[in-house]
Amino acid sequence: MVLLDDLVAALGALIERRGACGPRAVTGVTCDSRQVAPGAVFVAVRGFSADGHRFVGAAVEAGAVAVVCEELPAERADSVCWLLVPDARKALAELSKAFYGNASDRLMIIGVTGTNGKTTTARLVTSMLNASGIFAGYIGTGLCRIGSRDIPLERTTPESNGLHDLFRQMVDAGCRAAVMEVSSHALVLDRVHGLRFRAAVFTNLTPEHLDFHATMEEYAEAKRLLFDRLDDEGFAVLNADDPRASFMVANLPPERVFCCTTGGGASFCDSAQRFEARVLEMSVEGTKAEVTFRGRMMAMQVPLPGAYNVMNMLEAFAVGVGLGIDPETAMRGLAAADAVDGRMERIWSHDRHRCAVVDYAHTPDALQKALEALRTVTPAGAKLAVVFGCGGNRDRQKRPEMGRIAAELADRVILTSDNPRDENPEAILDEIEAGMAGRAHLRIADRAEAIRRAVGQLGEGDILLVAGKGHEAYQEIRGVKQHFSDREHLEACFAQRP
Ligand SMILES: CC(=O)N[C@H]1[C@@H](OP(=O)(O)OP(=O)(O)OC[C@H]2O[C@@H](n3ccc(=O)[nH]c3=O)[C@H](O)[C@@H]2O)O[C@H](CO)[C@@H](O)[C@@H]1O[C@H](C)C(=O)N[C@@H](C)C(=O)N[C@H](CCC(=O)O)C(=O)O
Ligand SMILES: Nc1ncnc2c1ncn2[C@@H]1O[C@H](COP(=O)(O)OP(=O)(O)OP(=O)(O)O)[C@@H](O)[C@H]1O
Ligand SMILES: N[C@H](CCC[C@H](N)C(=O)O)C(=O)O
Ligand SMILES: [Mg+2]
């Protein structure tokens, strides 16, 4: 049983306490009044669209035993414990950590941040650790995975109370490590406050979420926060080919930084700290590369096309070596890693003469990288086509950019809806089109119809990229989510058109 006064003792900063704050049983910690059950601690967070302080009354009515806030309400029930704190989001993280028995302290936590490649890299690290005898859970886009159990997730990095609940479940299941994606939202909004990371991985930084971060500099500062959170043995793994790599580790001693390069970008890194990969061969089925580190050379097989996937695997490998795993074991674990749904997922026509690829490229850089990768494996004389859109209620700057990239890099473009959410689907398409400099294309807002048309146009040897939704099993239009899967639609189209 968790007692309220023990939780209060875990708060890092407390301005004032009033009311009934004694040894009462606590049943949970939440920042959402709609989730308050009798015995819960409610933390009032000032948000972007609402102020949690407005819901204090509702939380008390639902049975909260304590309310944590940045401003005490004038009227307060004596039966409740009132805690005034300077920062409610930090308090939420501290209380959650204590409520779940500080489970996170018993896990080696590996955090992966960057604009693209977090899920891919984190899943590779998880598979490698599990294959190397270090039982590891995973938290990231869409799901938390503990052994064979998957728990669906709304956010890439859950709110701190959700995170600590998952760490507790991992420890109870016997995990020694947790591999997690750390989004920039999570870093800025203190979802990972109080966590200490054994390894922090940086994949890359390109424009995205510029609705949330005012500038690229601010976005980079947010990502750097992860590298201030290393534990005493902690180390960083960088994609050193990214111009922001050295910025991420400016506060770390060089011996705690491993640099990965596929293109000679690690000059700021000591040679003993470098992991270099050279691509030898690439096809739509995968990529063969050669890895050099600490005077050794090893072969690496990546079951996906794209030099960036070589980088994702190289960084995962460097994490393994940094953790002291024998390099052969680490590489074997990576070679046997489970595929990640919706990342360069290939769907073939029955005669295998036409190929569709479902990919989660939903940023300009990812779309560019995915198209470049597929161009290198498109047979001479065959065409590369793309179907894509852009999400609503998100960064609008990326829309014309993605239009420009598709127009420049694909032979055929069909614009369609991604998840328009609350926006008008046609208005989103107008914004994408604005970047296409008049290039001929089709515009079909209905995604199922757009996919059908694109498959109908495929000739012998052609490749079709269906980008943006990857593993997602839904589409959200005007606020309503309905089942939708790019893969299922493609399979159905190929079934009708052998
Ligand atoms: C910008 C952002 O991340 N916002 C998150 C933030 O919202 P907020 O603080 O603005 O909350 P708010 O809606 O204004 O409400 C304020 C407070 O009142 C509470 N409330 C509200 C209503 C009510 O009836 N009762 C109540 O108590 C809310 O629970 C909240 O604590 O805190 C909320 C509670 O944890 C999150 O649900 C919310 O995620 C929103 C929905 C979101 O869309 N986030 C996305 C952009 C996100 O986090 N994405 C990242 C990156 C994705 C990636 O690149 O991979 C992710 O990690 O998923
Ligand atoms: N290292 C990389 N560099 C550039 N693009 C990449 C890289 N790795 C993957 N991508 C592209 O980004 C897409 C998303 O990959 P992934 O899901 O691994 O990224 P993510 O960072 O987890 O994304 P999200 O922010 O949505 O969680 C892939 O489908 C691919 O198109
Ligand atoms: N993590 C990203 C995912 C975007 C995926 C894309 N399909 C969309 O809906 O915009 C976000 O929530 O911004
Ligand atoms: Mg992800």
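First listed ligand is number 1; within each ligand, the first listed atom is number 1. Owing to the predicted nature of the structure, the values given are computational and were not obtained by experimental measurement. Just the heavy atoms: all of them, side chains too, but no hydrogens, waters or symmetry mates, feed the values below.
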Of the side chain and backbone of Ser49, name the one, both, or neither that has a heavy atom under 4.0 Å from an atom of ligand 1.
-> both

Give a yes/no verdict on a cation-pi contact between Lys469 and Tyr474, requiring under 6.0 Å between NZ or CZ and the six-membered ring centre and an angle within 45° of the axis.
-> yes

Ligand 2 atoms nearer than 4.0 angstrom to some heavy atom of Thr156 are 27 (O)

With heavy atoms under 4.0 Å as the rule, classify the contact between Arg89 and ligand 1 as side chain, backbone, both or neither.
-> side chain

Best match, Glu208, Arg394, Glu159: closest heavy atom to atom 33 (C) of ligand 1 | Glu159

Can you pull out the closest protein heavy atom to atom 18 (O) of ligand 1? Residue, atom name and distance to 0.1 Å, please.
-> Gly52 CA, 3.6 Å

Atom 8 (N) of ligand 2: which of Leu367, Asn312, Thr120 has the nearest heavy atom?
-> Asn312

Note, His193 side chain near Arg89 side chain (heavy atom, < 4.5 Å) | no

Within the structure, does Leu189 bring an N/O atom to less than 3.5 angstrom of an N/O atom in ligand 1?
-> no

Between His483 and Glu488, a side-chain donor and acceptor under 3.5 Å | yes

Just which atoms of ligand 2 are under 4.0 Å from any heavy atom in Thr115?
-> 21 (O), 25 (O)

Can you confirm whether something in the protein, heavy atoms only, sits under 4.0 Å from atom 36 (C) of ligand 1?
-> no

Is it true that atom CZ of Arg76 has more than 12 heavy atoms of other residues, nucleotides or ligands lying nearer than 6.0 Å?
-> yes

Are any non-hydrogen side-chain atoms of Thr126 and Arg145 less than 4.5 angstrom apart?
-> no

Are His164 and Phe167 close enough that their ring centres sit under 6.0 Å apart?
-> yes

Is there a nitrogen or oxygen of Asn309 sitting under 3.5 Å from a nitrogen or oxygen of ligand 2?
-> no

Less than 4.5 Å apart, any side-chain heavy atom of Phe202 and any of Asp242?
-> yes

Would you say Thr203 and ligand 2 have an N/O pair spaced under 3.5 Å apart?
-> no

Tell me, which protein residue and heavy-atom name are nearest atom 15 (O) of ligand 1, and how many Å apart are they?
-> Ala50 CB, 3.7 Å

closest protein heavy atom to atom 29 (O) of ligand 1 is Cys31 O, 3.1 Å

Does an N or O anywhere in Ala370 fall below 3.5 Å from an N or O of ligand 2?
-> no

So the atoms of ligand 2 within less than 4.0 Å of a heavy atom of Thr141 turn out to be 27 (O)

Element-labelled atoms of ligand 1 that are located less than 4.0 Å from some non-hydrogen atom of Phe42 = 27 (O)

Quick one: does Met216's side chain get under 4.5 Å of Arg244's, heavy atoms only?
-> yes

If you have a sec, work out which protein heavy atom is nearest atom 31 (O) of ligand 2 and how many Å separate them, to one decimal?
-> Asp359 OD2, 2.4 Å

Nearest heavy atom to atom 46 (C) of ligand 1, choosing from Arg34, Glu181, His53, His185, belongs to His185

Crowded around Arg278 CZ? As in, over 12 foreign heavy atoms under 6.0 Å?
-> no

Does the separation of the ring centres of Tyr360 and His362 fall below 6.0 angstrom?
-> yes

Note: Glu154, heavy atoms under 4.0 Å from ligand 1, region reported as neither

How far is atom 11 (O) of ligand 1 from its nearest protein heavy atom, and which residue and atom name does that atom have?
-> Gly47 CA, 3.9 Å

closest protein heavy atom to atom 27 (O) of ligand 1 is Ser33 N, 2.8 Å

Aromatic ring proximity, centroids under 6.0 angstrom, His489 and Phe484 | yes

Ignoring angles and geometry beyond distance, decide whether Lys118 reaches within less than 3.5 Å of ligand 2 through its nitrogen or oxygen atoms.
-> yes

What residue and atom, counting heavy atoms only, is the protein's closest point to atom 5 (C) of ligand 1, and at what distance?
-> Arg191 NH2, 3.9 Å

Taking the side chain as every heavy atom from C-beta outward, state whether Thr157 and Leu163 have any atom pair closer than 4.5 Å.
-> yes

Contacting atoms of ligand 2, where contact means under 4.0 angstrom from a heavy atom of Asp365 | 4 (C)

Polar contact flag for Arg343 and ligand 2 (N/O pairs, less than 3.5 Å) | yes

Check whether more than 12 heavy atoms from other residues, nucleotides or ligands sit under 6.0 Å from atom CD of Glu61, and answer yes or no.
-> no

Should the pair Arg224 and Phe247 be classed as cation-pi, given the thresholds of under 6.0 Å to the six-membered ring centre and 45° from the axis?
-> yes

Intermediate values then yes/no, side chain to side chain donor-acceptor pair (under 3.5 Å), Thr141 and Glu181 | CA-CA 8 Å; Thr141 307; Glu181 285 183 55; 3.2 Å; yes

The atoms of ligand 2 lying under 4.0 Å from a heavy atom of Gly117, numbered in the order shown, are 7 (C), 8 (N), 9 (C), 15 (O), 16 (P), 18 (O), 19 (O), 20 (P), 21 (O)

Go through the steps for Asp241 and Thr261 under the test side chain to side chain donor-acceptor pair (under 3.5 Å), then give the verdict.
-> CA-CA 6 Å; Asp241 297 333; Thr261 174; 2.6 Å; yes

Give the contacting part of Met344 toward ligand 2: side chain, backbone, both or neither, where contact means a heavy-atom distance below 4.0 Å.
-> neither

Any N or O of Phe212 closer than 3.5 Å to N or O of ligand 1 = no

Using distance alone, determine whether Lys369 and ligand 2 share an N or O pair under 3.5 Å.
-> no

Taking the six-membered ring of Tyr138 as reference, does the NZ or CZ atom of Arg123 fall below 6.0 Å from its centre and within a 45° cone about the axis?
-> yes

N/O/S atom of Thr119 under 2.8 Å from the Mg ion (ligand 4), yes or no?
-> yes

Is there any N or O on Phe55 that sits under 3.5 Å from an N or O of ligand 1?
-> no

Kindly check if the number of other-residue, nucleotide or ligand heavy atoms within 6.0 Å of CD (Glu75) is above 12?
-> no

Do Gln169 and Arg149 have side-chain heavy atoms sitting under 4.5 Å apart?
-> yes

Give the numbers and elements of all ligand 2 atoms closer than 4.0 Å to a heavy atom of Glu181.
-> 22 (O), 27 (O)

Is it true that Phe212 and Tyr219 have ring centroids separated by less than 6.0 Å?
-> no

Candidates Arg155, Arg421, Lys118; heavy atom nearest atom 39 (O) of ligand 1 found on Arg155

Where on His362 is there a heavy atom closer than 4.0 Å to ligand 2, on the side chain, on the backbone, on both, or on neither?
-> side chain

Residue, atom and distance of the protein heavy atom nearest atom 52 (C) of ligand 1 read Thr156 OG1, 3.8 Å

Consider every N or O of Arg46 and every N or O of ligand 1, then say whether any pair is closer than 3.5 Å.
-> no

Glu181, N/O/S atom nearest the Mg ion (ligand 4) = OE1

Counting from 1, what ligand 2 atoms have a heavy atom of Asn204 closer than 4.0 Å?
-> 1 (N), 2 (C), 3 (N), 4 (C)

Do any of the N, O or S atoms of Thr141 sit under 2.8 Å from the Mg ion (ligand 4)?
-> yes

So do the side chains of Val43 and Val29 get within less than 4.5 Å of each other, counting heavy atoms only?
-> yes

